[in-house]
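Written out below as structure tokens is the structure these notes cover.
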Amino acid sequence: MPEYTVVAVLSLAAVVTLEARVLRTGLLQTRAYWIAMAICYGFMIAVNGWLTKLTAPIVVYDPDAITGWRIPWDIPFEDYLFGFSMLTLTMLVWDVVGERQEVKA
């Protein structure tokens, strides 16, 4: 199996498990989270589509490292998984650190 795909799937599973079993912030159940994700993905699709377009790629992926599924505008499917992991982990850490600072104040 392509290693980029494996790492992307593992990162997604790790972040969801971290939230469900350790942090339990409830972030994934909020409307604000999904609106923020939609906004971030909108910009990600525009930028990533330009960087990875197959007609003139700026970023080139090893074809053996990815599944080859590209949606839309030639964006590798794995980039969506990594985007989810990075954005969600950042928001989770933000929530946890913010709660700790509120408790201290």
Side-chain angles (χ1 to χ4, degrees):
M1 180 176 255
E3 63 264 21
Y4 185 48
T5 305
V6 171
V7 173
V9 169
L10 289 176
S11 72
L12 184 141
V15 168
V16 171
T17 301
L18 178 69
E19 165 59 3
R21 298 195 179 209
V22 179
L23 301 177
R24 298 181 185 188
T25 65
L27 179 70
L28 299 178
Q29 300 169 358
T30 64
R31 183 175 179 196
Y33 166 77
W34 292 106
I35 290 171
M37 290 298 284
I39 293 168
C40 290
Y41 268 91
F43 286 106
M44 182 188 123
I45 288 170
V47 173
N48 205 345
W50 179 70
L51 291 172
T52 61
K53 61 185 173 188
L54 292 176
T55 55
I58 294 171
V59 177
V60 179
Y61 293 85
D62 180 355
D64 294 332
I66 61 175
T67 59
W69 301 342
R70 292 176 173 264
I71 48 168
W73 298 306
D74 303 328
I75 301 169
F77 174 72
E78 292 83 354
D79 283 2
Y80 293 98
L81 302 178
F82 262 126
F84 176 88
S85 300
M86 289 188 299
L87 293 170
T88 302
L89 183 60
T90 301
M91 288 187 239
L92 288 171
V93 170
W94 184 276
D95 266 11
V96 170
V97 170
E99 288 175 6
R100 287 183 184 165
Q101 289 179 348
E102 287 178 9
V103 171
K104 288 182 180 178

Linking I/L/V/M/F/W/Y whenever any side-chain heavy atoms sit under 4.5 Å apart, do [X] and [Y] land together?
X     : Y     : answer
Trp34 : Leu89 : yes
Ile71 : Trp50 : no
Val96 : Val93 : yes
Leu54 : Val60 : no
Val97 : Val15 : yes

Which value, rounded to the nearest 0.5 Å, describes the distance between Thr17 atom OG1 and Leu12 atom CG?
9.0 Å
When you measure from the side chain of Asn48 to the backbone N and O of Ile75, does any donor-acceptor pair fall under 3.5 Å?
no
ring-ring contact (aromatic ring centres under 6.0 Å, His included) contacts touching residues 72-92 (sequence neighbours left out)
Tyr4-Phe82, Tyr41-Tyr80, Trp69-Phe77
Validation row: Thr88, Val16 side chains within 4.5 angstrom (heavy atoms):
no
So do the side chains of Met44 and Leu87 get within less than 4.5 Å of each other, counting heavy atoms only?
no
Scan the side chains in residues 20-30 for donor-acceptor partners under 3.5 Å anywhere in the protein, sequence neighbours excluded, and list what turns up.
unit_1 : atom_1 : unit_2 : atom_2 : d
Arg24  : NE     : Ala20  : O      : 3.4
Thr25  : OG1    : Glu19  : OE1    : 3.1
Thr25  : OG1    : Glu19  : OE2    : 3.1
Thr25  : OG1    : Leu27  : N      : 3.1
Thr30  : OG1    : Leu27  : O      : 2.8
Thr30  : OG1    : Tyr33  : N      : 3.3

Please list all pairs passing the side chain to side chain donor-acceptor pair (under 3.5 Å) test where one or both residues lie in residues 54-67, with sequence neighbours left out.
Tyr61-Asp79, Thr67-Glu78
Which pair of non-hydrogen atoms, one from Leu81 and one from Ser11, has the smallest distance, and what is that distance?
O-OG, 4.4 Å
Residue pair Thr52 / Arg70: nearest heavy atoms and the distance that separates them:
O-NH1, 3.6 Å
